Amino acid sequence: MKLIYQQMIGMLTTIIVSLLVVAALFIHATTAAAWENNFRQLSNYTSNLEQNALLNKSTINGDFIQTSERVLSGQHVNFVIYNANNQMRYPAVAGGRIQSKYWRQLKRGDSVAVKAATTNPRNGRTQSITIFYRPVFYSGKLLYVIAAYEPVEAIQSTISKTKRSVLIGFIISAAVALILSYIIARYTNRRIDRLRTATHEVAQGNYDVKLETTGRDEISELASDFSNMTDSLKASEKEIQRQEDRRRQFMADAAHEMRTPLTTINGLLEGLAYDAIPEESKAKSIELMQNETKRLIRIVNENLDYEKIRTNQIILQRQTFNAKHDIDNVALQLHQKAVDAGDEISVDVPDDLMVYADHDRFVQIIFNIMQNAIQFTQNGHIRVTGQHGYQQAEFSISDDGIGMSPDQVQNIWERYYKADPSRKNTKYGESGLGLAIVHQLVAQHGGTIDVQSELGAGTTFHITFPDEQTPDDDQSHDQTA
Ligand SMILES: Nc1ncnc2c1ncn2[C@@H]1O[C@H](COP(=O)(O)OP(=O)(O)OP(=O)(O)O)[C@@H](O)[C@H]1O
Ligand SMILES: [Mg+2]
């Protein structure tokens, strides 16, 4: 069943049940009041007659009764008088007696009110009446009983008028309730429908749906949650797309990187096979092939290394050791390359600077960055500094080489990225994997690496390695926390 009908049925049932209960109680109360009113009136009339009788030395004055009946003729009230022996004395026609169960009550001194069907003693017709019997005592002796009766038609017409009004009221209220519940249910349903349409849109891949989220009820909250959901879906879709692009780029780059040495080797092999290479160049060709093969192996190894680091497959053997010694070593290893490029290396690291890292990986990181610095600096200066900061060892490697633009800086951590393809320098490798690996390695150490660079002015890398956390450190940490 449609939600709109469910809601309407729910609302209508509540309203109609409440209306019915109210109407029933109202009719019941009005009916009871009408009957009570009627008996009170009859009681008053009999009381009047009694007063009059007492004034007349306890005798019933027939004229007074007739006058009273005439006055009350509009209301069809009539009187009957019974003597102490339950015999009808007025009106002067032969008539019935009071039923013995009522008579016993009357003799005890209680008034009795009865609804009854009776034969009118005057015209012999049967009718529904209300009778009120009032016993009159004198010196403790029952003298007679005054009865006043009235046909019930008057009361019943009042009651049925009330019932009719209640029915009309009921119908009007039910109609209004029906219309209102329809409007309310429709309003809610429209909002749900809007959500449904939005869901369909999202299912079709359109994340740009806009939903009204201004209200404060549950549907508005749902709409707002929905909007948040589409926002994050949109974000993750973008991220997936980015990853996909990167993957595609990676495949293309990897293929390209490997093809270059393979093409060289293939060309040389063909030359050798067809004896196209002069005898004196053969040794040089073989050396070239060896170099290219080495490069290929290096690319494959570095790729494997990168993947291992990236997927947390390497285990760092961390220890605290003297950094100065290793940096001096790297500088020594790169000395010839620096001389070739006309560069000068200066190391400004305190003799006792300790660093907590995997020894080989630390050397790999410093080596890579220094090698880059030499690679991209001609006739310049490369400066390595180190110091101990707050719970970490800090290093910087700066050069005054060609530098990078902000755009280039953004991408250097990506695999196979080369800020400028013309920067290739086969002497030092050109796979574009160095910084990607360095970045992953530093992250694995829990350290940070960032770069400042200006095109044409030079580049500075900052690296930090956190110190080993001793149990004492943990405790002092806990206490301050
Ligand atoms: N000190 C620097 N000065 C200017 N550009 C730099 C510097 N260091 C890195 N770059 C730029 O960042 C790119 C990425 O460096 P990365 O070390 O990852 O690759 P690569 O040196 O080209 O190749 P390899 O994998 O052999 O190291 C470089 O190609 C270069 O364009
Ligand atoms: Mg490099």
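The structure displayed is predicted, hence computed values, not measured ones. Ligands are counted one by one from 1 in listed order, and the atoms in each one are counted from 1 as well.
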Check your understanding: Between F461 and W413, what is the ring plane arrangement, given parallel below 30°, perpendicular above 60°, and tilted in between?
Key -> perpendicular
Revision key, fill the gap. Looking only at heavy atoms, the pair that brings S181 and L178 closest together is OG-O, 2.9 Å
To the nearest 0.5 Å, what is the distance between [atom1] ([X]) and [atom2] ([Y])?
X	Y	atom1	atom2	value
N38	E36	CG	CD	11.0 Å
F395	I449	CZ	CD1	12.0 Å
I286	I277	CD1	CD1	8.5 Å
F39	I155	CZ	CD1	7.0 Å

Check your understanding: Counting heavy atoms only, which part of Q375 comes closer than 4.0 Å to ligand 1: side chain, backbone, both or neither?
Key ->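 Just the side chain.
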Practice item. Using a 4.0 Å heavy-atom cut-off, say whether T377 meets ligand 1 through its side chain, its backbone, both or neither. Key: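 None of T377 does.
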Do any nitrogen or oxygen atoms of [X] lie less than 3.5 angstrom from nitrogen or oxygen atoms of ligand 1?
X	value
A436	no
G403	no
G434	yes

Exercise for review: Verify the distance test for N372 against the Mg ion (ligand 2): any N/O/S atom under 2.8 Å, yes or no.
Suggested key: yes
Practice item. Examine Y149 together with F132 and report whether their ring centres are nearer than 6.0 Å. Key: no
Check your understanding: Just going by heavy-atom distances, which of D400, I397, I412, N372 is nearest to atom 21 (O) of ligand 1?
Key ->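 Checking each option, the heavy atom nearest atom 21 (O) of ligand 1 is found in N372.
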Exercise for review: Number the atoms of ligand 1 from 1 as they appear, then name those within less than 4.0 Å of a heavy atom of L435, with their elements.
Suggested key: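 Counting from 1, the qualifying ligand atoms are 9 (C), 15 (O), 16 (P), 17 (O), 18 (O).
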Check your understanding: R298 heavy atoms, cut-off 4.0 Å: which ligand 1 atoms fall inside?
Key ->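 Counting from 1, the qualifying ligand atoms are 26 (O).
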